[in-house]
Amino acid sequence: MPTATASVQASSAQLRTDLRNVAIVAHVDHGKTTLVDAMLRQSGAFAARAELVDRVMDSGELEREKGITILAKNTAVRRQTPDGVVTINVVDTPGHADFGGEVERALSMVDGVVLLVDASEGPLPQTRFVLRKTLAAGLPVMLVVNKVDRPDARIAEVVEEAHDLLLDLATEVGADESVLDLPVVYASARAGKASLSQPDDGGMPDSENLDPLFDTILRHVPPPTGDPKAPLRALVTNLDASSFLGRIALCRIHAGQMRKGQTVAWCREDGSTQRVRITELLITEALERIPAEEAHAGDLVAIAGIPDITIGDTLADAENPEPLPRITVDEPAISMT
Ligand code: GDP
């Protein structure tokens, strides 16, 4: 994890230029899995993952079964840039209208959204629900038109439809029309290729790889902000479980740092605060969760050791227990700090 925070003043928020948190919104079958897979392959993370599995296997099959490696709910893609390695956390969103607030929770973890649309089918009604919430939350959107290689692709029309949809929704939620300055990337996820120029219908993007997609994400999705020297504040946005670690809380760290073994204040819904210990801290590497010693403002982490922790709770500095606004399920707009 990056540690280039030493010179930051206590009061100043810092841009995590080494990090992007992005959600992919797509209708089922439009190619989300294929695209994330291709991104992983091209980031070289599969090699790292193979090593990881080897390491874990070395420590015994039993430990592996106990849940040392746990499949993450998000994917971390590492990207070499001239300024160093950037981690792109890709958060999944439910591809359907959802009444449990899962869409809001996914969106509360990210700073931008990739709208992935099939070049033949175009944006479909279920995408509308998630996209409306995206605009209500004020998150920037970029468009990926996938499957441009389909013989029945109608690329220009699909871009037009996406524009119309965004204009419609921006009007509905009162969002700024600047969302229509929409970066568009054309892709064949299956071929692992992308371009900024529009290919012919049924043709191929003019680049040999997904670089134009990576570049657009890095340019268009802002790095997370947060003061790594401020008191810790991390919001629990989702839950998971492992037979070995018990309940796992997925959090976004909004300020400060978190360390394995640290004692923190657990701010609960009833307003009470309790001191608890983070027995395990995990970050995502490609598709898996791996143990980490520390994490910083902007990071998405998974923690274990607090059996009754739940969504909306805050983990805060033990000496400065200030809860973040709880995520409310029924509100159209989400609380972001
Ligand atoms: P998801 O449901 O959004 O995760 O979609 P998948 O990634 O599982 O893809 C759905 C289907 O579309 C699969 O059969 C893929 O092989 C196919 N597919 C994905 N990307 C492309 C593409 O760029 N071109 C074509 N022709 N097919 C694709």
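Everything numeric here is computed off the predicted structure, so don't read it as measured data. Position 1 is the first residue of the sequence, and the numbers go up from there. We count ligands from 1, going down the list as the structure has it; atoms in each ligand are counted the same way.
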Peer 1: For atom 20 (N) of ligand 1, decide whether some protein heavy-atom distance is shorter than 4.0 Å.
Peer 2: yes

Peer 1: So that I can tick it off, tell me whether E285 and R78 are bridged by a salt bridge, with the cut-off set at under 4.0 angstrom between side-chain N and carboxylate O.
Peer 2: yes

Peer 1: Are R128 and D168 within salt-bridge range, i.e. N to O under 4.0 Å?
Peer 2: yes

Peer 1: Please check if the number of heavy atoms outside D152 that lie under 6.0 Å from its CG is greater than 12.
Peer 2: yes

Peer 1: One thing to verify: whether D317 and R233 come together as a salt bridge, which I'm taking to mean a side-chain N less than 4.0 angstrom from a carboxylate O.
Peer 2: no

Peer 1: Output the distance between atom CH2 (W266) and atom CD1 (I309), rounded to the nearest 0.5 Å.
Peer 2: 6.5 Å

Peer 1: Do any nitrogen or oxygen atoms of A26 come within less than 3.5 Å of a nitrogen or oxygen of ligand 1?
Peer 2: no

Peer 1: N/O to N/O below 3.5 Å, does that happen between A189 and ligand 1?
Peer 2: yes

Peer 1: Name the closest protein heavy atom to atom 11 (C) of ligand 1, giving the residue it belongs to and the distance to 0.1 Å.
Peer 2: K147 NZ, 3.9 Å

Peer 1: If you measure from CG on L315 to CD1 on I253, what distance do you get to the nearest 0.5 Å?
Peer 2: 9.5 Å

Peer 1: Could you check atom 10 (C) of ligand 1 against the protein and tell me its nearest heavy-atom contact, residue, atom and distance included?
Peer 2: D29 O, 3.5 Å

Peer 1: Any idea which protein heavy atom is nearest atom 13 (C) of ligand 1, and the distance to it?
Peer 2: T34 OG1, 4.7 Å

Peer 1: Quick one: look up the protein heavy atom nearest atom 16 (O) of ligand 1 and list residue, atom name and how far away it is.
Peer 2: R190 NH1, 3.4 Å

Peer 1: Taking N or O atoms only and a 3.5 Å limit, does D149 qualify as a polar contact for ligand 1?
Peer 2: yes

Peer 1: Salt-bridge test for R289 and E280: reply yes if a basic N is under 4.0 Å from a carboxylate O, no otherwise.
Peer 2: no

Peer 1: Identify the closest protein heavy atom to atom 4 (O) of ligand 1: which residue and atom is it, and at what distance?
Peer 2: T33 OG1, 2.4 Å

Peer 1: Between R16 and D299, does any side-chain N to carboxylate O distance fall below 4.0 Å?
Peer 2: yes

Peer 1: Find all atoms of ligand 1 within a distance of less than 4.0 Å from any non-hydrogen atom belonging to K32, and give their numbers and elements.
Peer 2: 1 (P), 3 (O), 4 (O), 5 (O), 7 (O)

Peer 1: Taking 4.0 Å as the limit for heavy-atom contacts, which would you say applies to N146 with ligand 1: side chain only, backbone only, both, or neither?
Peer 2: side chain

Peer 1: For atom 5 (O) of ligand 1, what's the nearest protein heavy atom and its distance?
Peer 2: G31 N, 3.2 Å

